[in-house]
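In what follows, every heavy atom counts, from backbone to side chain, and hydrogens, waters and symmetry copies are set aside. Residue numbers start from 1 in every chain, and the chains themselves are labelled A, B, ... in the order their sequence lines are given, proteins ahead of strands.
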Amino acid sequence: MRELLRVEGLVTRFYTDEGVVKAVDGSWFALEADEALGVVGESGSGKTVTALSIMRLIENPGRIESGRILFRGEDLLEKPEREMRRIRGKEISMVFQDSLSSLNPTLTIGAQIARVLKYHTRLTRRARWQRAVKLLEAVGIPEPAKRVSHYPHQLSGGMRQRALIAMAISCNPKLLILDEPTTALDVTIEAQIFGLIGELKDEFRMGVFLITHDLSVVASFCQQVIIMYAGKIVEEADVQELYGNPLHPYTLGLLRSIPPLEEEAERLESIPGEVPDLINLPPGCNFSPRCALTDERCWHEEPELAEVSPGHRVACHRVAVPVGVGEIHG
Amino acid sequence: MIVYLLKRLILAIPTLLIASFLIFSLVHIAPGDPIRVMLGQYQDPELIARLREAMGLDLPFHVQYLRWLGKVLQGDLGLSITVKRGASVAGLIAQRFSVTVELATFSLIIALLIAIPTGVISALRQNRLSDHISRIIALAGVSIPNFFLGILLILFVGVYLRQPWGAGGYVPFSRGLGRNLAHMFLPAVALGTAYAAIIMRMMRSAMLDAMSQDFVRTARAMGIAPGDIVRRDIVKNALIPVVTVIGNSIGYLLGGSIVTETVFRLPGVGNLVIMGVFRRDFPVIQAVVLIIVVVRIIINLVVDLTYGFLDPRIRYGGER
Ligand SMILES: Nc1ncnc2c1ncn2[C@@H]1O[C@H](COP(=O)(O)OP(=O)(O)O)[C@@H](O)[C@H]1O
Ligand SMILES: [Mg+2]
């Protein structure tokens, strides 16, 4: 397998009037070509900001402070904006959460897809439109020739999300970023959409960066998982390892909060406490105020992300010490 | 679309009836009497009574209203009592209508030409110097009453610079389009400035709103060129609320034209209604106000149609 994306020491901050928001605070991870990486964490943990940083779409008052984003070996942070525009939509694409607000209400679906093709291909006007119809067909929209000239509000939520996916894959990107692509949809449609994304991933041989707060989705779709908490990666492992041998107390909390039945709504709220304010982070471990296993060290010293077994990294004082591992599982 | 239009037109009927009743009542409740104005210093009670009877002013209120309404429905707006005794009101209005329409249209064009580009630039350069400057000018523009701006313009261009076209007065089309427009320029600026300021602020905030929308981020994530995003994602969506504001505040142009026509001595409808009010010419006031209401209803309809043109969510509602 070839490495597609490597993020090294990414720090992204927002300089707001209230203070500096440490939205992403030193992220390291990598993604293989045609691998699916799941990024899980409660809302506000920095998942979207990580994705937008990769695409260099962080806007004022935000800034990427340091780090490297190596896409196929080249650092995107070094690229001029012009070059980034060529990469966005063509090499790296992103599907956003809310399909209604993510599509321009005044342009037809076809016009929006054809516009992407205009910037990244040499197709003629007519060929772009025909390709838009083909793409809608490929993502399973019935009557694509008719739907292509519909406006976003004329489609159902599931159809809109498919159209958004069609737009994102229109130029065969190598990396597809999905930011909670199914939160607005019901469970049946969610399953259909992930089925579709899985097929497209194999067909187009894409790497997928899937943001979600739903660990059960990750289990069925991804090979590798990152758990984020308050701007930091707290645990990373492949799916089997993460589910079979979860180590970080936060990961354990997330896994416990998956309801046994297929229920909707906020599944993660069962971890007591709240995500800390990213402007005034607690000293020591960010998770310590909510953690049941804290000791003196957790309150003063930030834990480093350390490898506990090959490919399994975790940032926790109580785990890094071998005795601690025993305690958690004891 | 045609069904929609018809529906709107039918809905306009009760609006017009209510408006006509209000106009008629207000004019008759307000103090002052056209006969007394007409007679000037010869206030002979017997003569007053005879004239009142002759003009039907002695009849009960509702009878007067129904008579007037009946005539209006037949297209007869009555005769002027004091402004130009015996002249048909419809004729008086017709003579002056083109002046007011020209003034309002010219002001609207000036306002849009100033407001839309500055609103766009201001928003794109938010919180930078050009944004601050245009916002300060806009604030001044809204704050200065248009009659005052009109007087300043006359003083500067007409009196100080001694430009013939800057001193007010009207030149009809027949005496040359250039001269006609030149004389209309300052009134249009005086009337259009505040309007431009209102539209500019609205455009700026609608732009900022559109810029923060998710679909703009989607377009950026797809590698669309910034100019294309400004045009097709930001401006196009920002115009939707702005068109409504333009339409809804067109009443301001009509109201403002009354004052502006007076300051610049333009023989428009606004000028006519002012004379009507001073001389208690009931038929004139009633007719002009009624026509203003009709014009507003028509403008609202046009605005709604434009809105549908800009916003497909209205054009193709609900269909799934
Ligand atoms: N434009 C912005 N301005 C200020 N703060 C921001 C901005 N975008 C995101 N943040 C902050 O960054 C943090 C991480 O946000 P995000 O990445 O959206 O979380 P999530 O994990 O839910 O996707 C949040 O605390 C959020 O308030
Ligand atoms: Mg998010």
When heavy-atom pairs shorter than 4.5 Å are enumerated against chain B, which of A:Lys118, A:Arg56, A:His120 gives the highest number? A:His120
In terms of heavy-atom contacts, does CZ of A:Arg86 have more than 12 from other residues, nucleotides or ligands at under 6.0 Å? yes
OH (A:Tyr119) with more than 12 external heavy atoms under 6.0 Å: yes
Interatomic spacing from CZ in B:Arg232 to CG in A:Leu107 - rounded to 0.5 Å: 6.0 Å
Hey, are the side chains of A:Asn60 and B:Gln126 touching, using non-hydrogen atoms and a 4.5 Å cut-off? no
For A:Ile87, is it the side chain, the backbone, both, or neither that has a heavy atom closer than 4.5 Å to a heavy atom of chain B? neither
Closest approach of A:Pro105 to B:Pro312 (non-hydrogen atoms, all atoms of both residues): O-CG, 3.0 Å
Proximal component of A:Met159, with respect to chain B [non-hydrogen, under 4.5 Å]: neither
Proximity breakdown for A:Leu103 and chain B, heavy-atom pairs closer than 4.5 Å: backbone
If you tally heavy-atom pairs under 4.5 Å between each of A:Val116, A:Thr108, A:Ile177, A:Asp98 and chain B, the highest tally belongs to A:Val116
What residues of residues 195-225 of chain B make heavy-atom contacts with chain A at a cutoff under 4.5 angstrom? B:Asp214, B:Phe215, B:Arg217, B:Thr218, B:Ala219, B:Arg220, B:Ala221, B:Met222, B:Gly223, B:Ile224, B:Ala225
Less than 4.5 Å to any heavy atom of chain A: does that hold for the side chain of B:Leu310, its backbone, both, or neither? backbone
Quick check: do A:Asn104 and B:Lys236 have side-chain heavy atoms less than 4.5 Å from each other? no
Taking only residues two or more places apart in sequence, or in another chain, which ones meet A:Thr182 in a side-chain hydrogen bond (donor to acceptor under 3.5 Å, both in side chains)? A:Glu190
Over 12 foreign heavy atoms within 6.0 Å of CZ, B:Phe148: no
Is it true that atom CZ of B:Phe185 has more than 12 heavy atoms of other residues, nucleotides or ligands lying nearer than 6.0 Å? no
